[in-house]
Amino acid sequence: MTMAATTASASELALLAVLSLLALVIPGATVTFAFTRRPGLSLAASVPTTIGILGLFSWVYGAQEIPVTVASLTAGCVVTLIVALALGSVAARASNATGNFRRGPANEAARDADAPRPGREAENSPAAASGSSSPVSSSRVPPGHLQAPAGLSMPWLAPLASAASVAAITIWATIYCCQIMIRLGDRGLRSIPQGWDMHWHASLVHWVHTAGIISPTHTGELRYAEDHMLVYYPTGWHTACDFATSIAWRLTGREWDDVEAINLFMALSITLAAAGSAAALTWVVSRRAVRHTGVAAGALRWAAVTTAALAGALLPAWQIIFFDGSWPVGFGLGLGGIAAAVTIQAVTSQRRAWVASIAAALSILGAVQTHASTATLLAAALGLWFIQQLVRPTPGTTRMRIVFHLTLAAVLTAAPFYPQFRVGLGNVSEVAETVGQETDTLSGAWSRAIFMQTKFFDFYEDRTFWYALVVLGLVGLLVACARGGAWLAGLAVVAIVGTAHSLHRFDGVFGQLVGAFTSLNYNAPHRIALIAAMAVASGVGLLALYLVFIPLARGAGRLAAATINDAPTTRSTAAHDEALTREPRPSAQRPRATDARPHRRVGAAAGASVIAASVVLSALWAPPTVRAEKPALEILLAADKTGRMVSAADMGALDWLRDRMLESNAPFSILSVPEAGMSWGYITHDLPMVYTHYLADRYQDQLDTNTVLYEADQISGDPNARVDAAACRTGIRYLIDSKAMFWGLPPYPSFENLQNAPGLTEVYSDGEEVRIFEVDSWDPYRCTSVR
């Protein structure tokens, strides 16, 4: 029976997406909050921290031969939480002992936000660093400034609203992609996403779900069935996919299916990476543009973050990586952008900075365990930010303090990661030697790099909004240079230069320097362009903040102030305008009692106007941008109708093999040409396929699997013959010949001639596309399967 198609309503998809997202957010947010007691930082660091914990324990469990399951990974999260609570308590007691924050329930918001001491600017405080706001003692509260009423913890509002925006964009994109899959795919939500890398990623997800193994240093056991050659392959994305979707599927009572889970998670993870990285970077840079506290400030930062997140999700550079199937790379780079922002916030903390640095290390660990090339992004972003700090340190901190906490975060990241990565050092040369696509002219390379026109960009027919977003983002980065965002603009420049180099190699010493950066990203322009994409998307949000939201908030504040009976003087109104971009200096004197209601109205009016403008702006540009990207999404999500890898005829053959496997009392293995895609049978039917990868990359090694693959037509029926003996030692009982070859690659001559092999018997044929042959010399008592 052919694998039945499955469908899901929009509400079912939304529930699955929400539960999967919560499974990624809750563990990391809880652990980070236990460390730092800071809601803004905890929400920002949540997903990369969760991946850091899952990846670390997957490796530890692999070394101890403990099965990786939802239960064992949850236990790892609990252990980490206990450690975080202990260290967080020690840090809190130390702060109490030194009098760094006050006691009492009325001051909980101030403690949480680490309110600045008299004489310091608000940007120096961890409240600014974490996106929190706190009441400031002042003899006069400027219009537009809303102090937190007793019992309301204001630091939660802006970070929570910003996180909700990123979550909403992620859920929306996930539902949109899955609905296209259901509508156009021939198996609904189970339609195979047929790209090159997707095959291997799906195999890893099936492996952890069925075998409980996903250690990055054990992946050779899955990839190379015969000798289990030691391989390092980062598995953060695959672990997260199985963990998050397993929880969602169990809670909804839906029958588990690997392909369904992958289809949902690939959309969720890439959108989360795109929107989350742009949001986090915008949050960090915008703190210098919005320094006062209250609803107006929270609304301004929320609007900037939401605009940047939407721009990130809509930039085709992320859709290209989605189509390409390089999901771990895209997810890892997105987590890297978030981790960089989290680290900057942690390092500039004034209170309990050492535990914040520990939390930052966990988020960095999550990024690099998803893909090791993320380290290049982190090095570039934090390196450029550090250079800016050397020139002009953030007020309230010192260069030595920054060096100490950056070093602490780096050491805490390297300690658990290096033993894993050491296994993969032998693959560095292979990665570095990979050559990306090229253009004929240097000018063409620069043009394509600036507008991120890399792999598959021809799929996009209407590029108007694409170009508009890039131009707006670049302008926003230029403006941000004067507002503390020079390092972010520098990151965009590094990424654009690297993309251009990958398209058209630079000569000389400059080319060697750039090549050191691009080589660790496979010299792949469509991957390096993602770094530029997250910076450009952040630039879009910052430009909207500077040119739209702040002026609008000022105008609304003036209008609201003018309508209040006890309207402020012109001087007071001017103070309100200044407060949007500069923090009034706190007074050491005890504040006089004032009626805060007029000021609350002004702040509420300013905040409401900004929120309304952000919603209108998003509503205007989202639909046309989605329409421009729809053709490319349809190509990916309906790919199994193009005959690229697995057809309906192939699925029928896999059904037949599954029946033979269930009937057999002895284990055996099945051989197919890797590039033909029939090894999807391991994922969809749990068949014992020799190859679980899309490529036979060890064709020069002396392996029995190579002997059979390249000389299958020499199987003679004699158990002592060389090829027959190789088939017996690997347990190969069936060979599948499917005509489709990925990317139009030439077929293997040995498989073209299987019908003439004297030791093979044809046992299945659909008449045109697929044939299955049985090895006559296979003996269940003598042959041992490698699967």
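Just the heavy atoms: all of them, side chains too, but no hydrogens, waters or symmetry mates, feed the values below.
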Gap separating the [atom1] atom of [X] from the [atom2] atom of [Y], nearest 0.5 angstrom:
{"X": "Leu13", "Y": "Ser11", "atom1": "CG", "atom2": "OG", "answer": "8.0 Å"}
{"X": "Ile496", "Y": "Ile450", "atom1": "CD1", "atom2": "CD1", "answer": "6.0 Å"}
{"X": "Gln345", "Y": "Thr343", "atom1": "CD", "atom2": "OG1", "answer": "9.5 Å"}
{"X": "Leu362", "Y": "Ile51", "atom1": "CG", "atom2": "CD1", "answer": "12.0 Å"}
{"X": "Leu41", "Y": "Thr32", "atom1": "CG", "atom2": "OG1", "answer": "6.5 Å"}
{"X": "Ile175", "Y": "Leu268", "atom1": "CD1", "atom2": "CG", "answer": "10.0 Å"}

Using modelled atom types and a 3.5 Å cut-off, is there a donor and acceptor pairing between side-chain atoms of [X] and backbone atoms of [Y]?
{"X": "Ser363", "Y": "Ala360", "result": "yes"}
{"X": "Gln319", "Y": "Ala313", "result": "yes"}
{"X": "Trp302", "Y": "Ala161", "result": "yes"}
{"X": "Ser42", "Y": "Phe33", "result": "yes"}

Problem - Thr50: side chain to side chain contact (heavy atoms under 4.5 Å, CB included) partners, not counting sequence neighbours - result: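 Residues passing side chain to side chain contact (heavy atoms under 4.5 Å, CB included) with Thr50: Pro27, Leu54.
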
Exercise for the section: Could you walk me through whether Trp466 and Gln453 pass the side chain to side chain contact (heavy atoms under 4.5 Å, CB included) test, one step at a time? Expected result: CA-CA 10 Å; Trp466 179 351; Gln453 294 179 331; 4.2 Å; yes

Which heavy-atom pair separates [X] from [Y] by the least distance, and what is that distance?
{"X": "Ala480", "Y": "Leu542", "value": "CB-CD1, 3.8 Å"}
{"X": "Leu545", "Y": "Ser286", "value": "CD2-CB, 3.8 Å"}
{"X": "Ile169", "Y": "Ala309", "value": "CD1-CB, 3.7 Å"}
{"X": "Ala356", "Y": "Thr36", "value": "CA-CG2, 3.7 Å"}
{"X": "Val305", "Y": "Ala279", "value": "CG1-CB, 3.4 Å"}
{"X": "Leu281", "Y": "Gly337", "value": "CD2-O, 3.8 Å"}

Practice task
Start with the C-alpha distance between Ile270 and Trp327, add both sets of side-chain angles, then the distance that settles side chain to side chain contact (heavy atoms under 4.5 Å, CB included), and finish with yes or no.
Solution key: CA-CA 7 Å; Ile270 296 302; Trp327 307 320; 4.2 Å; yes

Practice task
Check Ile344, Leu390, Thr397 against Ile402 for a side chain to side chain contact (heavy atoms under 4.5 Å, CB included) and give me the one that passes.
Solution key: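 Output: one option passes, namely Thr397.
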
Practice task
Let me know which of Val284, Val347, Leu491 forms a side chain to side chain contact (heavy atoms under 4.5 Å, CB included) with Trp385.
Solution key: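 The passing option is Val347.
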
Practice task
List the steps, then state whether side chain to side chain contact (heavy atoms under 4.5 Å, CB included) holds for Leu469 with Val536.
Solution key: CA-CA 8 Å; Leu469 286 177; Val536 167; 5.9 Å; no

Practice task
Check whether any side-chain heavy atom of Leu384 sits under 4.5 Å from a side-chain heavy atom of Val494, and report yes or no.
Solution key: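 Answer yes - side chains close enough.
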
Exercise for the section: Determine, step by step, whether Val285 and Trp487 satisfy the side chain to side chain contact (heavy atoms under 4.5 Å, CB included) criterion, reporting the C-alpha distance in whole Å, the side-chain angles of both residues, the deciding distance to 0.1 Å, and the verdict. Expected result: CA-CA 10 Å; Val285 177; Trp487 66 272; 4.0 Å; yes

Exercise for the section: Answer with yes or no whether the side chains of Ser538 and Thr282 bring together a donor and an acceptor at under 3.5 Å. Expected result: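 On atom types as modelled, these side chains qualify, holding a pair under 3.5 Å.
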
Exercise for the section: Not counting sequence neighbours, which residues clear ring pair (Phe, Tyr, Trp, His ring centres under 6.0 Å) with Phe451? List them please. Expected result: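 Only Tyr467 meet the ring pair (Phe, Tyr, Trp, His ring centres under 6.0 Å) criterion with Phe451.
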
